[in-house]
Structures are given as C-alpha cells and as structure tokens.
**Q** 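Here it is: the structure, laid out below.
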Number of protein chains: 2
Amino acid sequence: MMELTRKGEYAIRGVIYLARLPQGKVALISEIAEATRVPQTFLAKIFQSFAKLGLVNSYRGTGGGFVLGRPAAKISLREVVEAVEGPIMPNRCLMDEGTCEFGETCMVHPVWRKVQSQVEQILDSVTIEELTK
Amino acid sequence: MMELTRKGEYAIRGVIYLARLPQGKVALISEIAEATRVPQTFLAKIFQSFAKLGLVNSYRGTGGGFVLGRPAAKISLREVVEAVEGPIMPNRCLMDEGTCEFGETCMVHPVWRKVQSQVEQILDSVTIEELTK
DNA sequence: AAATTTAAGACTAATTCGGTCCGAAAGGTA
DNA sequence: TACCTTTCGGACCGAATTAGTCTTAAATTT
C-alpha cells in the first residue's frame, strides 16, 4: 500500500541531480536521464510538467536544457512528489468534504486525515538540498 | 498519492459492520454487502481471504455466514488494511534492503522509512472497536 | 434429497502505469 | 537565410492493476 510510482522516483532523482550541479549550470535532458538511469523520453515528460510549474526552468536550442527554478533549499520533497503524484490523499473521502459515503458517521475519516497530515509534514520538512548530501 | 483502493474501503466497511453486530451474531454476505453498499461478489472474495487469515470465521449452509474472528477491540485498522492492500510501503526500495538502486547514497530512503513507520503507528493505534462508535 | 451458503478459480472490462514516437516550435549558429 | 539543436505537445501503445463477474464445487442444515 501507498507506493510511490516510478514517475515519482524518477522525478526525485532528476531534481536531486539538478540540485547537485554547480549554480546556474544547464543540463541536457539526455545527460540527466543517463546519469539517473531513467528512460529519457519519460523523464522529458516529467521535466516538461515541472517547467510549467516553475519547479525547473527550461531553455531550448543549442546550449539549452534544464535548471532548478529555485534554490534547492527552497524546494521541499513534498512539492516534487505532489507535482507528479498529485496530493497526498490516503482516501478519496478526504477530497471533497462530503464525498464520504456515510457522511458524519464515517469514523475512519479522522484517521485518514491524520495519516495525510503526518505524511505531509514529513515530506514538507525535507528539502531537496538536504537530499544532495 | 497513497490512495486506499476500493477493496480496502470495502473491507473496512464490512469489518465495521460485523463489529457492530451483537456478540456472536452471524451475518450473511448478502446482508453485509447490502448494508455497506458494496458489490456482493466482490465483498465475498474479500471476506473469503479474511477467513483464511482468521480475521473472520465463516460458516456454510443454512444459518451460515460470517462473524469476527476476534473481539473488535483486538483487531487494528492496520491489520485490516494490510490484509487487503499488502504492507505499508511508500517506496519499493524499502522492501528488499539493497534494492535501492543507488545503495548507500540514496538519501531519500530514511524519509520513506519514517513515512512508513508513522503510518503504521497511526493505523496500529486504531481498533475496529473504536470505529464502531 | 433438497435448499442454503460459503469456497475456489477462471474470466473480463476499465483504468492506470510506464513508457515510445513524431511533428512542431523555439532558440542558436553560420 | 538555412540549418542545427533542444524542448514542447500530443497521440499512441503494451503491460499491469483494479474492480469486479460468473460458474462450479463443497459444506452444512433441514
């Protein structure tokens, strides 16, 4: 239960790779993919979506590639994970308040709430910068 | 991320239903399925596997059905969840120690370890009995 | 023997996962 | 201008997982 998908793993590896680069260094997707042992086209997709979110900056053409959008110390593991996997959501009843089929009588609801907030807290407290060491 | 499947939801609902019954009352799978609004054949599969694990006892023939295998106070939410979803495992690198592709240099490993133990702890601390109230 | 109820296993449709492929667009270079 | 490089966007695809169904068999009771 609760497994991170490969997409999530790959995303984390890729971002850590970028974070380890010297300040301002632009990396080709081919370079990142090779270094992290991730299928290139797949990683490209992931990074394209990250570019939209501002998590990374991308540049096209010769000399182009990817750079972190912010200092690694200002990117949390949670941000990266949620960017690819969607929100931490142990049970769909936590999404729309009231989707819970049995409404107020759902006693499990608060438990999932707690799981959710605990996991969020753990992932919030880890920065990408810490993961580069 | 980290979503319980329907199977997990159904299992929890079914077990709670059993726990709410008067001591020793045997319930038909058709009755449980209807009450919890779960497809009957699907719930039957779930309960069959629970019977093997001793989580419930089953009886065939007229007057047969299902009963909890133990007092609800002695069944944790974790047990029920893991029985259907498998172990709490935020990342496959936590399974076989050493599957972690980048071995000792995987800095994310301890984070997943922490997530795992926190979630386990939360689910361990909730009994089915508490959920019946 | 007949009716009831769970057990076991094969089967299936829909969705998600884990990618690939290709043409277009943007930017650099000669 | 023409050409090269590199990301962007979208369609596509096979395999695995999810969410069930269906059928036949095996207990148990009446």
Side-chain angles (χ1 to χ4, degrees), chain A residues 1-14 18 25-34 36-69 81 83-87 89-92 101, chain B residues 1-14 18 25-34 36-69 81 83-87 89-92 101:
Chain A
M1 186 211 177
M2 327 201 77
E3 263 186 61
L4 196 70
T5 63
R6 277 171 211 272
K7 202 161 141 189
E9 271 186 53
Y10 295 166
I12 295 170
R13 284 201 232 159
L18 279 190
K25 171 89 200 294
V26 176
L28 291 177
I29 195 68
S30 54
E31 171 193 339
I32 309 172
E34 190 181 13
T36 56
R37 280 103 128 198
V38 169
Q40 179 174 330
T41 57
F42 197 29
L43 189 64
K45 286 291 169 202
I46 298 169
F47 270 57
Q48 277 161 34
S49 73
F50 281 5
K52 280 191 191 166
L53 297 171
L55 225 43
V56 301
N57 294 327
S58 64
Y59 307 97
R60 305 206 234 196
T62 311
F66 294 89
V67 191
L68 280 191
V81 168
V84 279
E85 307 271 11
M89 194 64 64
N91 191 323
R92 60 180 69 64
E101 276 195 68
Chain B
M1 187 209 177
M2 328 201 75
E3 264 187 61
L4 197 70
T5 63
R6 275 171 211 275
K7 201 161 140 188
E9 271 185 55
Y10 296 165
I12 295 169
R13 285 201 232 159
L18 279 191
K25 171 89 200 295
V26 176
L28 291 178
I29 195 66
S30 55
E31 170 193 340
I32 308 172
E34 189 181 12
T36 56
R37 280 103 126 198
V38 168
Q40 179 175 331
T41 57
F42 197 27
L43 188 64
K45 286 291 169 200
I46 298 170
F47 269 56
Q48 276 162 33
S49 73
F50 280 6
K52 280 191 191 167
L53 297 171
L55 224 42
V56 301
N57 295 327
S58 65
Y59 307 97
R60 305 203 234 198
T62 311
F66 294 89
V67 191
L68 281 191
V81 168
V84 279
E85 309 270 11
M89 195 63 66
N91 191 322
R92 61 178 71 63
E101 275 196 67

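Every chain is numbered from 1 and lettered A, B, ... according to where its sequence line falls, protein lines coming before strand lines.
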**Q** Rounded to the nearest 0.5 Å, how far does OG1 of A/Thr36 lie from CD of A/Glu31?
**A**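 Output value for this atom pair is 10.0 Å.
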**Q** Atom CE of B/Met1 to atom P of C/dC17: distance rounded to whole Å?
**A**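 Rounding to the nearest Å, CE of B/Met1 and P of C/dC17 are 12 Å apart.
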**Q** Please find the earliest and latest nucleotides of DNA chain D, in the 5' to 3' direction, that have an atom within less than 4.0 Å of any heavy atom of chain A.
**A** D/dT5 to D/dG10
**Q** Answer yes or no: does a side-chain N or O of A/Thr5 lie under 4.0 Å from OP1 or OP2 of C/dT16?
**A** no
**Q** Quick one: closest heavy-atom pair of B/Leu55 and B/Ala83, and the distance?
**A** CD2-CB, 4.1 Å
**Q** For A/Ser30, enumerate each residue passing the side-chain hydrogen bond (donor to acceptor under 3.5 Å, both in side chains) test, keeping only those at least two apart in sequence or located in another chain.
**A** none
**Q** To the nearest Å, give me how far apart CD1 (B/Ile32) and C1' (C/dT6) are.
**A**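 Rounded to the whole Å, the gap is 11 Å.
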**Q** Partners of B/Thr5 by side-chain hydrogen bond (donor to acceptor under 3.5 Å, both in side chains), sequence neighbours excluded?
**A** B/Glu85
**Q** Name all stems that contain residues of DNA chain C, defined as runs of 3 or more consecutive Watson-Crick or G-U wobble pairs, both distances under 3.5 Å.
**A**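 The stems are C:1-30 with D:1-30.
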**Q** Can you name the residues that form a side-chain hydrogen bond (donor to acceptor under 3.5 Å, both in side chains) with A/Glu34, not counting sequence neighbours?
**A**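 side-chain hydrogen bond (donor to acceptor under 3.5 Å, both in side chains) check on A/Glu34 returns nothing, list empty.
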**Q** Is B/Phe66 close to B/Leu43 at the side-chain level, that is, under 4.5 Å between some pair of heavy atoms?
**A** no
**Q** Here's a test of your reading of the structure: between B/Lys52 and A/Lys7, which maps to the more 5' nucleotide of DNA chain C?
**A**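 Here B/Lys52 is the residue nearer the 5' end.
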**Q** Looking at CG of A/Leu68 and CG of A/Asn57, how far apart are the two atoms once the value is rounded to the nearest 0.5 Å?
**A**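 The CG atom of A/Leu68 sits 9.0 Å away from the CG atom of A/Asn57.
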**Q** If a protein heavy atom is under 4.0 Å from the base, mark B; if only from the sugar-phosphate, S; if neither, -; do that for nucleotides 19-30 of chain C going 5' to 3'.
**A** BB----BBBS--
**Q** Taking the side chain as C-beta and beyond, is there a heavy-atom pair between A/Tyr10 and A/Val84 under 4.5 Å?
**A** no
**Q** With a 4.5 Å limit on heavy-atom distance, are the side chains of B/Leu4 and B/Ile12 in contact?
**A** yes
**Q** To the nearest 0.5 Å, tell me how far B/Ile29 CD1 sits from B/Lys45 NZ.
**A** 11.0 Å
